[in-house]
Amino acid sequence: MGWDVSSVIGTKYSSIIQHFENKVAWEDTMLFNKYKERLMKEKKIKGCTSINALRRKYEEEVDVLFNRIKKEGFLLPTANNSNIDVIHVYIDRNGNYLYTANGNHRLAFAKVLGIEKIPVKVRARHTNWEEIREDIWTMSKYEVKRLDRKLIEHPDLEDIIKYKMLKEGSIT
């Protein structure tokens, strides 16, 4: 089984669903159950020495970020707000996006809020997906035109498709 094959939904994502959609208190989520176990072994998690301190941190930071994104949408890093970090994703063999450690809360927020497009940075692509990208680079506009619509409209292929359209004329 490859690195990109998993049937497990992330604990953070599931806990964000529990908290924001089902109104479960942070300390009653799956994530906090794991944090409770870890706190028995470790002295600190995310700078907190107790589950109550961790809950307060989540209420002050995660809840606030969720509500800001709900109100304002996703912000991109600029000269004025350079502290914003872009979400990182991996792309599996079929072109599906996978979570990384960087931005998984925000990615889950987007799903909960029904935001269909968000800015991300691709950290890595599965070699099978990369081969699809390379194959499309070698195609003529007529071959590209015959591709499945899902491929033509895939955000990770957008740069290639746009280049083909500009270089060889429209594919529609």
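- Using a 4.0 Å cut-off between a side-chain N of Lys or Arg and a carboxylate O of Asp or Glu, Lys162 and Glu158 qualify as a salt bridge.
- No donor-acceptor pair under 3.5 Å is formed between the side chain of His126 and the backbone N or O of Ile91.
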Output, in order, the C-alpha distance, side-chain angles, deciding distance and verdict of side chain to side chain contact (heavy atoms under 4.5 Å, CB included) for His88 and Val120.
-> CA-CA 6 Å; His88 295 169; Val120 298; over 6 Å; no
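- Surrounding NZ of Lys44 are at most 12 heavy atoms belonging to other residues, nucleotides or ligands under 6.0 Å away.
- When all heavy atoms of Asp156 and Asp159 are compared, the closest pair comes out as O-OD1, 3.4 Å.
- Here the CZ atom belonging to Arg146 is positioned 14.0 Å from the CG atom belonging to Leu151, to the nearest 0.5 angstrom.
- Classification of the Tyr35-Phe32 ring pair by plane angle, with boundaries at 30° and 60°, yields perpendicular.
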Take Lys121 and Val89 through the side chain to side chain contact (heavy atoms under 4.5 Å, CB included) test and state the conclusion after the steps.
-> CA-CA 6 Å; Lys121 178 177 177 142; Val89 296; over 6 Å; no
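- Between the side chain of Asn22 and the backbone N or O of Val24, no donor-acceptor pair lies under 3.5 Å.
- Cluster membership check: Phe20 does not share its hydrophobic cluster with Val64, using side-chain heavy-atom separations under 4.5 Å among Ile, Leu, Val, Met, Phe, Trp and Tyr.
- With hydrogens and angles disregarded, no donor-acceptor distance shorter than 3.5 Å links the side chain of His105 to the backbone of Lys12.
- Shortest non-hydrogen contact noted between Ile161 and Ile152 is CG1-O, 3.9 Å.
- Between Ile87 and Leu107, the closest heavy-atom pair is CD1-N, 3.9 Å.
- The NZ atom of Lys57 sits 5.5 Å away from the SG atom of Cys48 when rounded to the nearest 0.5 Å.
- Expressed to the nearest 0.5 Å, how far CD of Glu131 lies from CD1 of Ile136 amounts to 12.5 Å.
- Annotation: side chain of Tyr90 is in contact with side chain of Arg123 (closest heavy-atom distance under 4.5 Å).
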Just distance, no hydrogens or angles: give the donor-acceptor pairs under 3.5 Å from side chains in residues 66-73, sequence neighbours left out.
from	atom 1	to	atom 2	distance (Å)
Asn67	ND2	Asp63	O	3.0
Arg68	NH1	Gly73	O	3.4

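- Taking the side chain to side chain contact (heavy atoms under 4.5 Å, CB included) definition, one finds that Lys34 meets it with Thr11, sequence neighbours left out.
- Ring geometry, Tyr58 versus Trp26: the interplanar angle exceeds 60°, so the pair is classed perpendicular (tilted spans 30 to 60°).
- In this structure, CG in Leu39 is found 5.5 Å from CD1 in Ile51, a value given to the nearest 0.5 Å.
- Ile16 contributes atom CD1, which lies 11.0 Å from atom CD of Glu21 (distance to the nearest 0.5 angstrom).
- Note that NE2 of His154 and CZ of Arg133 are 9.5 Å apart. Values are rounded to the nearest 0.5 Å.
- The two atoms that bring Arg125 and Val122 nearest to each other are CG-CG1, 3.8 Å, heavy atoms only.
- Residues that satisfy the side chain to side chain contact (heavy atoms under 4.5 Å, CB included) test with Asp135, not counting sequence neighbours, are absent from this structure.
- In terms of modelled atom types and a separation under 3.5 Å, the side chain of Ser15 and the main chain of Leu31 share a donor-acceptor contact.
- In terms of modelled atom types and a separation under 3.5 Å, the side chain of Glu27 and the main chain of Asn52 share no donor-acceptor contact.
- Judged purely by atom type and a 3.5 angstrom limit, Asp148 uses its side chain to pair as donor or acceptor with the backbone of Lys150.
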List the steps and the verdict of ring-ring contact (aromatic ring centres under 6.0 Å, His included) for Phe74 and Phe109.
-> CA-CA 10 Å; Phe74 281 85; Phe109 295 166; 8.0 Å; no
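- Using a 4.0 Å cut-off between charged side-chain N and carboxylate O, Glu60 and Arg56 make no salt bridge.
- Smallest separation of non-hydrogen atoms from Val86 and Pro119: CG1-O, 4.1 Å.
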